[in-house]
There are 2 protein chains.
Amino acid sequence: MVQAAQNRIANAASSLEASLRVRKNDEPSQKSGANSRQEILRAAARCFMQHGFAAASIDDVARELGATKGMIYHHFRSKTDLFFEVYRQGMAINFAAIRPHSEGESNALDRLTLMGLAHTIALLEEQAFQRVLAQGVAMHQQGSTTAAQREALVELIDSRNSYETMFRSTIEAATKEAGLSVNDLSIASKSFLAVLNSTVFWYSPRQDNPKAERATLAFELVSYALKGLGTTMPEAANEFLEQYENG
Amino acid sequence: MVQAAQNRIANAASSLEASLRVRKNDEPSQKSGANSRQEILRAAARCFMQHGFAAASIDDVARELGATKGMIYHHFRSKTDLFFEVYRQGMAINFAAIRPHSEGESNALDRLTLMGLAHTIALLEEQAFQRVLAQGVAMHQQGSTTAAQREALVELIDSRNSYETMFRSTIEAATKEAGLSVNDLSIASKSFLAVLNSTVFWYSPRQDNPKAERATLAFELVSYALKGLGTTMPEAANEFLEQYENG
DNA sequence: ATTGACAACATACTCGGTAGTATGTTCCCA
DNA sequence: TGGGAACATACTACCGAGTATGTTGTCAAT
C-alpha cells in the first residue's frame with residue numbers, strides 16, 4: 001500500500017513536470033486547458049499558506065485567479081479534496097527532489113547530505129506548498145466524511161511516513177558506515193528534518209540573488225543538522241551546490 | 001516597549017501561578033471565582049490545538065467546560081482576544097521556565113543548556129499552549145480590526161522576539177566563551193529552537209512514567225541541538241534533570 | 001453549414017454553522 | 001432590598017461551502 005501511494009505520488013510529480021513544460025511551450029495567455037488545474041493548485045497553496053485551511057475560502061482562491069467558484073468546483077469536488085491535492089503535490093515535489101540522491105552509489109553520508117540539500121532547496125523554492133505540508137493533515141482526521149477522503153488521507157499519511165523513512169534509513173546507514181553519535185534513531189531523524197523544515201516559518205526571499213541565497217542557506221542548515229548527528233559536511237556538498245547555482 | 005511587553009508577560013506568569021495555587025487550596029468543585037478564567041484558557045488552548053483557530057468555535061470551548069457561550073463572552077471580548085490571551089499565557093509559561101537559568105552566575109554554555117532543557121520540558125508539559133504558539137500570529141496580521149487588538153498583536157510579536165533574543169544572545173556568549181562552530185548566529189539560533197520545538201508536532205505522552213520520559217526526551221533534543229552548535233552537553237544537565245525528576 | 005453534445009466556465013441561489021448581541025435568571029453581598 | 005457579578009438562553013446577521021442552472025466556445029458527425 002505504501003508502495004502504491006508512492007507510485008501515485010511519483011506519477012503526480014511527473015505529470016506536474018509535464019504540465020509545467022506544456023505551459024512554457026504554449027501561448028502565454030492560454031486560459032483553457034489542463035494547466036488551469038495547476039494554476040488552481042498554486043493559488044490554493046498560496047491561500048492555504050496565508051490564512052490556513054479553515055480560514056481560506058474557495059472564493060479567495062478564485063479571486064486570486066480572476067475567476068469564480070464555478071471554475072474551482074469544476075476541477076475539484078470539495079475544498080478538502082483541493083487541500084489534499086495541494087498536499088500531494090507538495091509531497092511529489094519533495095520526492096522528486098530527493099529520490100535521485102537516495103539511490104546513488106556513493107556512501108550513506110554523501111547520500112544523506114545531498115538529500116538534505118535537495119530537500120531544503122525544494123522547500124525554499126516552493127514555500128507555499130511546503131507550508132501546507134507543515135499545517136499537516138491532523139485537523140482532517142476528525143471530519144473526513146466520505147470514504148474516498150478517508151482513503152486519500154491514509155495515502156497522504158503513508159506518503160509522509162515513507163518520506164521520513166527514507167531519511168531515517170539513510171541516517172541509520174550512515175551511522176553504521178561512519179560511526180555517528182546517534183543515540184535514538186527516531187529522535188535524531190525528527191530533529192534532522194526539523195532543522196531543515198524550520199525555514200518555511202521564517203525565510204522570506206531577498207531580491208538580489210535568490211539562487212545563491214538559497215544555496216548558502218541550505219548549506220548552513222544541513223551543516224547544522226549533520227553536526228547534530230555528530231559528523232560534518234562532506235565534500236560532495238560543494239559540488240552539488242555549484243551545480244545548482246549554475247544549472 | 002519590548003521591556004514593557006516582557007513585564008506584562010511576566011505579570012501574567014506570576015498571576016498564573018497565583019491562580020493555580022488558589023485552585024489547589026480552594027474547595028474542589030468551586031465553580032465561580034477568578035479561576036474560571038483559567039479553565040477557559042486551558043480549554044481554549046486544547047480546542048485551538050485540535051482544530052486550529054479558525055475551525056475551533058466558541059461553542060466548542062464552552063462545551064468542553066460544560067458551559068455555554070455566555071460564560072466565555074462574559075470573560076473575553078471576542079474570539080481573537082481569547083486566542084491572544086492563550087498565546088500570552090503560553091509565552092508567560094516559557095519565560096517563567098527559562099528566566100531563572102538565563103541569569104545564573106555559571107558560564108554561558110551551562111546557561112544555554114539549562115534554558116534549553118527547561119524550555120523543552122515546559123513544552124512537553126503544556127502541549128496545548130505550545131501548539132497555539134506554533135500556529136503563530138501571522139494569520140491575524142490581516143484582519144485585526146480594533147486598535148486594541150493591533151496593539152496586543154505587536155506586543156505578542158515583541159514578546160516572541162524577546163524570547164528568541166534571550167537564546168540568541170546566550171548562544172553568542174557561549175560561542176565566545178567556548179569557541180563553538182557557529183557561522184551565522186541567526187540561523188544557528190533558529191535551528192537550535194527548531195529542534196527543541198519540533199516535539200510539539202509528534203510527541204504524545206506515554207502512560208507509565210511521564211516525568212522520566214520527558215527528562216530523557218529533553219536530554220536527547222538538547223544534546224542534538226548543542227552538537228549542532230559544535231559542542232556537547234555539559235555536566236550541569238544531569239544535575240538539573242535529576243532535580244526535575246524528583247522535585 | 002447545421003446541429004448536437006460536451007467541456008469549461010460564470011451566475012444565482014440554498015442552507016448550515018458561527019461570531020457576536022440582547023435579554024433573562026440566579027445568587028451573593030453590601 | 002437592590003444591585004451587580006456570573007452565568008444561561010434566545011436571537012440576529014453574515015459568511016462561506018456546496019449546488020443548480022445558465023452561457024459560451026469548440027469539435028465532431030452528418
Side-chain angles (χ1 to χ4, degrees), chain A residues 19 22-23 26-27 29-44 47-48 50-86 139-140 142-146 148-149 152, chain B residues 19 22-23 26-27 29-44 47-48 50-86 139-140 142-146 148-149 152:
Chain A
S19 71
V22 163
R23 205 197 307 179
D26 276 353
E27 273 84 315
S29 70
Q30 171 108 2
K31 288 197 70 176
S32 72
N35 57 359
S36 60
R37 191 183 163 89
Q38 280 299 322
E39 292 173 9
I40 294 177
L41 286 176
R42 300 197 73 84
C47 288
F48 289 149
Q50 280 197 341
H51 314 292
F53 171 76
S57 76
I58 297 287
D59 295 282
D60 286 340
V61 181
R63 200 175 306 127
E64 190 140 333
L65 296 167
T68 59
K69 293 169 80 135
M71 178 200 184
I72 313 273
Y73 280 101
H74 180 72
H75 289 276
F76 298 91
R77 297 185 107 87
S78 71
K79 187 182 174 185
T80 302
D81 284 23
L82 176 58
F83 179 86
F84 283 0
E85 277 304 305
V86 172
M139 314 184 323
H140 303 272
Q142 219 75 348
S144 283
T145 45
T146 74
Q149 284 183 353
Chain B
S19 70
V22 164
R23 205 197 308 179
D26 275 352
E27 270 86 314
S29 71
Q30 171 110 0
K31 287 199 72 176
S32 72
N35 57 359
S36 60
R37 190 183 163 89
Q38 278 300 320
E39 292 174 9
I40 294 177
L41 286 176
R42 298 197 72 82
C47 287
F48 289 150
Q50 279 197 341
H51 313 292
F53 170 76
S57 74
I58 297 287
D59 295 282
D60 286 340
V61 181
R63 200 174 307 127
E64 190 139 334
L65 295 169
T68 59
K69 295 170 74 140
M71 178 200 184
I72 314 273
Y73 280 101
H74 180 72
H75 289 276
F76 298 92
R77 298 186 106 85
S78 71
K79 188 182 172 185
T80 301
D81 284 23
L82 176 57
F83 179 87
F84 283 179
E85 277 304 305
V86 172
M139 316 184 323
H140 302 272
Q142 219 74 351
S144 283
T145 44
T146 74
Q149 285 183 354

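Note on naming: letters A, B, ... go to the chains in the order of the sequence lines (proteins, then strands), and numbering restarts at 1 for each one.
- One atom, CZ of Arg37(B), and another, P of dC7(D), lie 12 Å apart when rounded to the nearest Å.
- Here the C1' atom of nucleotide dA8(D) and the CG atom of Leu65(B) are 14 Å apart, to the nearest Å.
- Taken from CD1 in Ile72(B) to CG in Asp81(B), the straight-line distance is 13.0 Å, to the nearest 0.5 Å.
- Computed from coordinates, the Phe76(B) CZ to dA5(D) C1' distance equals 16 Å when rounded to whole Å.
- Here Phe84(A) contributes atom CZ and His140(A) contributes atom NE2; the two are 5.5 Å apart, rounded to the nearest 0.5 Å.
- In terms of position on DNA chain D, the residue among Ile72(B) and Thr80(A) whose nearest nucleotide sits closer to the 5' end is Ile72(B).
- As a whole-Å value, the separation of Arg77(B) CZ from dA22(C) P is 13 Å.
- Between His75(A) and dA7(C), a side-chain N or O to OP1/OP2 separation shorter than 4.0 Å is absent.
- The distance from the CG atom of Leu82(B) to the NZ atom of Lys79(B) is 9.5 Å, given to the nearest 0.5 Å.
- The nearest whole Å value for the distance from the CD1 atom in Ile58(B) to the C1' atom in dG17(C) is 14 Å.
- Nucleotide dA19(C) holds its P atom 6 Å from the CG atom of Asp59(B), rounded to whole Å.
- Comparing dC7(D), dG18(D), dA19(C) by their closest approach to the side chain of Lys79(A) singles out dG18(D).
- The side chain of His74(B) approaches dA6(D) more closely than any other nucleotide in the set dT9(D), dA6(D), dA19(C).
- Note that CG of Leu41(A) is 6.5 Å distant from CD of Glu85(A), once rounded to the nearest 0.5 Å.
- Contact between the side-chain N/O atoms of Thr68(A) and the OP1/OP2 oxygens of dA10(C) is found at a separation under 4.0 Å.
- Taking 4.0 angstrom as the limit, Ser36(A) places a side-chain polar atom (N or O) nearer than this to OP1 or OP2 of dC9(C).
- Across all strands shown, Ala56(A) has heavy atoms under 4.0 Å from sugar-phosphate atoms exclusively, and none from any base.
- As a whole-Å value, the separation of Tyr73(B) OH from dA19(C) C1' is 4 Å.
- No hydrogens or angles were tested; on distance alone, a donor-acceptor pair under 3.5 Å links the side chain of Lys69(A) to the base of dG18(D).
- Residues satisfying the salt bridge (Lys or Arg N to Asp or Glu O under 4.0 Å) test with Arg63(B), not counting sequence neighbours, are Asp60(B).
- Comparing dT18(C), dG18(D), dA10(C) by their nearest atom to the side chain of Ser57(B) picks out dT18(C).
- Here Ala55(B) lies out of heavy-atom contact (under 4.0 Å) with every strand.
- With rounding to whole Å, Leu82(B) atom CG is found 13 Å from dA19(C) atom C1'.
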